Structure formats: structure tokens, C-alpha cells
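Input: a single structure, listed below in C-alpha cells.
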Number of protein chains: 2
Amino acid sequence: MSNFDQYLSEHREQHLEELREFLRIPSISTLSTHKADVRRAAEFLAEQARAIGFEHVELLETPRHPVLYADWLHAPGRPTVLVYGHYDVQPVDPLHLWTSPPFEPEIRDGKLYARGASDDKGPVFMHLKSFEALLRTAGSLPVNVKLCIEGEEEIGSPHLPQVLADHQERFQADVIVISDTPMLAPGRPAVCYGLRGLAALEVHVYGANSDLHSGLYGGMVQNAVHALVEVLASMRGPDGRVQVAGFYDGVQSLSAEERQAFADLAYDEVATAQTLGVDTLFGEAGYTALERVWARPTLEVNGIYGGFQGEGTKTVIPNEAHAKITCRLVPDQDPVRIQQLIRQHVLTHLPPGARAEVTLQDTGRPYVTPFHHPAIQLAAKAYEEAYGVPASFIRMGGSIPVVEVFDRLVGAPVVLMGFGLPDENFHAPNEHFSLDNFDKGLRTLCRYWTGLPDALRE
Amino acid sequence: MSNFDQYLSEHREQHLEELREFLRIPSISTLSTHKADVRRAAEFLAEQARAIGFEHVELLETPRHPVLYADWLHAPGRPTVLVYGHYDVQPVDPLHLWTSPPFEPEIRDGKLYARGASDDKGPVFMHLKSFEALLRTAGSLPVNVKLCIEGEEEIGSPHLPQVLADHQERFQADVIVISDTPMLAPGRPAVCYGLRGLAALEVHVYGANSDLHSGLYGGMVQNAVHALVEVLASMRGPDGRVQVAGFYDGVQSLSAEERQAFADLAYDEVATAQTLGVDTLFGEAGYTALERVWARPTLEVNGIYGGFQGEGTKTVIPNEAHAKITCRLVPDQDPVRIQQLIRQHVLTHLPPGARAEVTLQDTGRPYVTPFHHPAIQLAAKAYEEAYGVPASFIRMGGSIPVVEVFDRLVGAPVVLMGFGLPDENFHAPNEHFSLDNFDKGLRTLCRYWTGLPDALRE
């Protein structure tokens, strides 16, 4: 047993207790009422970094939530790693569907349940503990390390690009490592080489200047909810294809080789449907489920509201209706252009007697990493040593917009090695994190840091 | 000046203060949290009736809200009038759009603002005060009077039919008078001879067994909100016609004479659009706005909700979405059959990977009154005497389901003489009631009661 292995085993309970403390902080970045909690989470990490031995620990302020910077730079001549992660979390509603409260971490059946356990507080915490284990057992790290942990990932990282630009020297590195992508399945580690981009917006439809009585006006005036549902329905065909003109322009086709590689993963669509509790999966015709999630763009209505939502009946013609939309994008779609296309679609498909406003929100570019790079290949090797099985190279349906920004501003390869599982309810009730991956992931990271100098020398 | 006229003038401030007291009671029948308030409103009326001189004042209990019964039967040989009205009111949301709080009555610019001022507490209160004026000045009423004031009109009168059936003898009458329909416009009184029926239901769409992360599952699984909006959008064509199969079966066509009578009212669609703040009115192609509201059926989405409705972005695939629907119906549509047709439509138009439930709610049959009856013609005459202009005979787009029940169980003609105005925001924020119609309406009612014995003898 290596030294770090023994150290991690001996300190497991203490580490889990510290992680629970981190998870108790409701650092929901999108809700302004939680602004102070978000900062508390940053301060928790800063204190952890200091205790481990990091230097230059600093909260870099932004107009909203700070970015934690810290470094350990005492390995001259060795590569420098920049670890990126985020300490903010998603909202928790619908709250009534949580078995245990989202900010009261609870271990059940080998899984740690809490908002942020898997996305992304657990993995961020593991990075810190991997450095702690190496420092406490070897007295030093095999690489130079810089931490960049932000508090705005779940709201689209609006200020991180500026922070990176303002401190470009400080963030220089040879490799960027991010643990915010899922493994393929339990016991099946995976290096992610492709991420989808994001385009978010809101559609607001307005009818008359107030709600109206459907007996007095029903048949005479446009209903804002009905106008909105017609606009939204027009965005998707019965074959699941997005009907917004120009939406698929520039989408890179899947190569035969990539389709074959996806097929070789033997993804079980029937089992997935059963797990999700639906009679069939659904999506764009002509593609497998994995192809659709990893390599095809989507348009989702994330929320809708308008008119009477209370108990019973109210015979009203609503004069306002609202919907939130996000698109997942693939190379080479341009998120800003997609927002404009959707805005245009809304305005041209709105029925008479209503008006619409479209509010543009977050964007993030899709990205594919240089996966032949030795730093990325080493990740697969470290997984294999810790898990005892070969790692897969996969793409991912999610978005980490900042990956493309790192690529552009830091100019180093981005290694996406995650430890969460796809069914750990990111962004949903009962988010959890497998303690098996907590344990094996810590070993994977320690092996990765240890092997990195040689890998980059080759 | 007649005696009742003088009495009403002298007691005007006192009557308005009593009405304000009535309007302060938040008797929202659809919200179970207001159950006690609904009863308080019934008790207020009971106390008023006793003070005026009514006898056999009683709250007839139902499983939810009571029906007030009271009578004055000391005019032997004279006709018996049954006055129907309701003391319950609609919910008040969206609350932030009210200029003054809905249950703090306020007079501004000759209008009394409060929830229920026009629908239907104001008119119900006027009936009581018309009887008070006649009793205090003449010592007796020209007709026998029975009151039937319920607390469940705004939830579709679920228990009144049973109450009427259980007390059939007690509710016998020669004429039924209801003041719950609007006048044509300020200074333009109208007797209503047609009401639309109602069919209410809720649609619930379910996808996966929890909300899902759109990065991990977007493209793979059905989105409950998108499935719902597609189902709802499929219910209406671009020409505004309802697309539910069988929906128009049995609808009586408008006669050329009726279309001409509607046209003669010179309804100003451009002015209405301006008042409502829309660039154009909208509805079923091939009909004028009045025809669509008075004599054509409609399907309205009254409310919709699903997924994330909070501040900011949440990249979630919602697994539940809900909509409330009401239809306004015309002779000879059957509300229960319409509910079944819509349920069938939902199930056949639901996209794959989702399931739907349809909850059936209130129904009410459409109705046309025998408007040549002398009791109905007298209403026009009483209006003309009080307002100084001829009254119109109109239809109405609203529903008073109990009218058809009265017709069936009591077997007397129903006189629909209202005092509210179409733009008094029934069911919407800033509901109000014109004090000019309060004053003239009281005189209209006193004249009507006084003239009724002769009219029915003719």
C-alpha cells in the first residue's frame, strides 16, 4: 500500500466529516438570497487550502460571487497544473421530492446524499484531499498546483473569463484538470473529450393589459398562455427535431468511426428507460440515445408559468405567460447566433393579438479536447490503476462553458476526469455521490499527480 | 320623487358603508383556507335579511359552503319571486396588480373597488336594499319574495342542485330574478337571454420519475413541459378554431336575424382592442367579436406551470407539467361530452415518452331564456324607466350553470337583469362597481317589483 493510500484510509472519516460540513452550506448561486452562503462556501475552501499548505490563498472578487485562487509552487522544473472546479450548487426545488433535506448530508447505502455532493463540491473537495495526502506523506507535491474554484458555474460562469483575463499570468499552467464530468457507469471510469455548449433565454408573452374573465372576453382576445404554448410547440417537430430555422447550421456530422465507438459502449436504452420510469426514450429521429445526448444539439423548455396555478378553477384569460429555454449545442454551433435564431422564431411564430419579449441569458461554446495529448492519456492510465479496469473515452451532453475559455486564455490541454455517476441526480432532487468513487477517485488523483511529470517529459 | 327613491337617497351613505362591510369579507370559495370567511359572508347576509324583515332566515348546509334561504310571504294572491345570487368571490391573484387591496373597499372616481364589488356581492346587496326601501316606505312588498344566495357559484355551484332538489317546495316561485350578468355599456342597460355553459378540467403530464439534468439526459428523454405545450397547442388551429374532434357537434348556428341584431348593437372592436391594450382582437375566423363571445364555444388555457420558475437559469428537464382548461359552451353542446372529447384528445396527441392524466372538474349547461315572457319584458321596461333609455336584449359569454338547474327544478322563467359593466374586471385585479349603476339599479329593482303583479296578470 502506497503512503497516500494508507493516509487516505486512516483519515477517511475525518475527510467525510469535513465534506459534510462543506455540503451543509447552501451555496445556490442563482438565488440572490443565498449570496452570503455562496461566499461562506468559498471561505470554507480557502481555509481548507491554507490548512493543507497552499499559499497565496485569495478570493478574487467579481460583481457577484468570488473565485478562489491558491497555489503550491515548490516543484521547480516540474509541470504546473491548474485545477478548476466550482463550489456553487443548483437550486433544490421541488423540495418535497428530497428524501433527506438537501443541505443535511446523509449517508445511505454507500452514497452521500446532499445538493452538490456530486456536482461539484465532492470532486473539488477530493482534489484538495489528494494534495493533502501527498503533502502529509511525501512532504511535497510532484507538480506545481494552482487552484481556480469559482462560485458561478451553475449560472454560466459570467465573470470567470474576465478574472482569467485580468490575472492571465497567475493562471498560466501546463495542464488544466477538471472533475465535473460523469463516469460512464459504476466501475466504468471515463475521460471526457467532448462537451456541449449552452444557449439560455427566456420567452415572455403578453396579451391584454390585465387578466380577463373568460365569460366576458373568451373568444374575443388572445390568451397569452395559449400563444406561448403555440410558439413553444412550433419549435419541435414530431420527429424530435428542432424546427427553429438555421438551428442545425454548422453542426458537425458524427463520423462512422465515432458512431461505432459509441455503439461499442453497449449503452442499454431499455434499461435506462426503466430506470427513468418512462415507457420509451425520446429524441431526434435517426440517432441513438448516446448520439443524441453527446453529439446532437437540443432545445429544452426548463420551466413554464402563466395564469392561475392555485387550487380549483379560475375562469381567466391570462395576460402573461413565461418560459425558460436552454439549448445544448455541439461544434460548430455559435451560442449567440442560436439565441438570435430562437428570438426570431418566437417573433415570427407568435399568433395575432399578443406580443413577445425574449431575454437572452447564458451562453457557452461547445468544445472537443485534444485527447491524444499525454496528459489526457495519463488520466485513463490513472483510472485503470485505481479502478482495475480500462477507462473509456467519451463525450458528454453537459456544458462546462469555461472549458473553452481556459483553452483560449490559458492555452493548455483540458483534462476532464470525473468521479460522479450519470444517475446521481445532478440538478435534481436526491443528488448523491458514491463513496466508492470518493475512495477510488482520491487514489486516481494521487496517481495522476504522481505520474504527470514523467508523462509530460515523454 | 317616489317614496322608495327618497328613502334610497337618504340612506345612500349608510347602504354604501354596509356594502363595504360585506366586501371586506374575503369569501373566496375555491380556497379551503377561506372556508370560515365564506361562512361569515353568508352570516352577514342572514343578519341583513333579518334586519330588513325577512323570515325563515336559514343557512342550508352543504358539504362545503351554505346556501342562504329567507322569505317574505305576506302578499297573498300576488306572484312569488325567487332572487338568486352568490356571496362567494374569485381568488385575487396576481395581487401586485391591485391598486388598492382587494378586501379593503375604496371609492375612486365614482367606482367602488373591491373583489366581489360587481360579481356578485354588489348586486346581491342591492336586491336586499330594494326590498328594505319598499318595506320601510310602503310597509309591505308588492310581491312575495324568496332569497336563495349561495356561496359556491365561483366553483361551479356543485351543491346547489341538490339543495334545490331537497327543498323543492320551499323554492317554488313564479319568476326567478338573477343580477349576475353585465349591462351592454355605461348607460346602456340590457336583459340577458343567453348564457354559455362551462366545462372545466386539468391536464397533468408526467415524464421521467424525477427532474433530470439537461446535460446528462437532454436529447434522450421526453420533456414533460414540451409534451404538454404540444398537446395544448394541438387543441387550437391558426384560425382560432378548436381542433378537438367533435367539439363543434351540436352547436346551434347563429341565425341571420340574430347576427343582424348583434350587428345593430354597433360593438366597436377597435375601441375594445385599444381598451384592452392589444393590437388586434383574436378568435375563431368567420365571426365578429360579439358573435364569438356570446354564441360560439371556446377553449381557454387558464393556467400552466411546470419545471423551474425561479430567478435565473436551471438546466433541467422537467418531469411534470400541469395546465388548467375551461371551455365556454353554447346550445346544444353537452359539457360532460366535451370533457370526454378533450380527455381523448390529450391521450391521442401526447408525444412518446410521457403519460397524461386528465382531471374532470366543473360543468354547466348552456341556456337560452324564454325572452318573450312578460316577466322578462318587464325587466326592459323597468330599466328604461330608471335609466331613461331603452334596454337591449343581449346574450352573454359567461356561464351561470345554475340558471339551467333553476329552469329544470323550479320551472319558472329566469330574468337576467344585471347592473355590472363588462369592463369592471370580474375575476381580475381591480374589480370595481359603478356607483351610478348602484343608484339606478336600486330604482330599477324597486320599479320591477312594483310592476310585476300587473305584468303577470296581463
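All of these numbers come straight from a predicted model, not from anything done at the bench. The analysis underlying the following values was restricted to heavy atoms, covering all of them including side chains, and did not include hydrogens, waters or symmetry mates.
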Look up atom [atom1] in [X] and atom [atom2] in [Y], then write down how far apart they are to the nearest 0.5 Å.
X	Y	atom1	atom2	result
B/Q309	A/H322	CD	NE2	10.0 Å
A/N430	B/D211	CG	CG	11.0 Å
A/L97	B/N319	CG	CG	7.0 Å
B/E202	A/T313	CD	OG1	6.5 Å
A/N425	B/S210	CG	OG	4.5 Å
A/R296	B/M220	CZ	CE	15.0 Å

Counting distance only, does the side-chain N/O of [X] pair as donor-acceptor with the main-chain N or O of [Y] below 3.5 Å?
X	Y	value
B/N209	A/L276	yes
A/N302	B/V316	yes
B/K314	A/D93	yes
A/T30	B/E311	yes
B/K324	A/T315	no

Check each atom of [X] against the heavy atoms of chain A and say whether the ones under 4.5 Å are side chain, backbone, both or neither.
X	answer
B/L216	both
B/V293	both
B/D423	both
B/E230	both
B/P238	neither
B/L198	side chain

Residue part contacting chain B, namely of [X], when any heavy atom lies under 4.5 Å:
X	answer
A/S214	both
A/V221	both
A/L31	both
A/Y206	neither
A/P182	side chain
A/R196	side chain
A/Q361	side chain
A/S32	both
A/P351	side chain

Counting heavy-atom pairs under 4.5 Å to chain A, which of [options] comes out on top?
options	value
B/A321, B/G307, B/G397	B/G397
B/A273, B/P297, B/P318	B/P318
B/A200, B/A428, B/P352	B/P352
B/A208, B/A289, B/G218	B/G218
B/T280, B/L281, B/V225, B/I304	B/I304
B/G310, B/G215, B/G303	B/G215

If you count heavy-atom pairs under 4.5 Å between each of [options] and chain B, which one has the most?
options	value
A/G398, A/A323, A/A227	A/G398
A/R328, A/R292, A/E284	A/R328
A/M396, A/R355, A/E320, A/R236	A/R236
A/G306, A/G207, A/G277, A/S234	A/G306
A/A354, A/G312, A/P429, A/G283	A/G312
A/T359, A/I155, A/I317	A/I317

Point to revise | Nearest non-hydrogen partners of A/P422 and B/Y217, listed with the distance | key: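 Answer, listing the atom of A/P422 first, then B/Y217: O-OH, 3.5 Å.
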Exercise for review: Identify the two heavy atoms, one from A/V229 and one from B/A233, that lie closest to each other, and give their separation to 0.1 Å.
Suggested key: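 In this case the closest contact between A/V229 and B/A233 is O-CB, 3.8 Å.
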Point to revise | Non-hydrogen side-chain atoms of B/V301 and A/F308 separated by less than 4.5 Å | key: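 Not in contact.
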Exercise for review: Compare all side-chain heavy atoms of B/E300 with those of A/H226 and state whether any distance is below 4.5 angstrom.
Suggested key: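 Result no, sub-4.5 Å side-chain heavy-atom pair not found.
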Check your understanding: Going by the angle between their ring planes, with limits at 30° and 60°, are A/F426 and B/H213 parallel, tilted or perpendicular?
Key ->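 Aromatic pair A/F426/B/H213 classed perpendicular.
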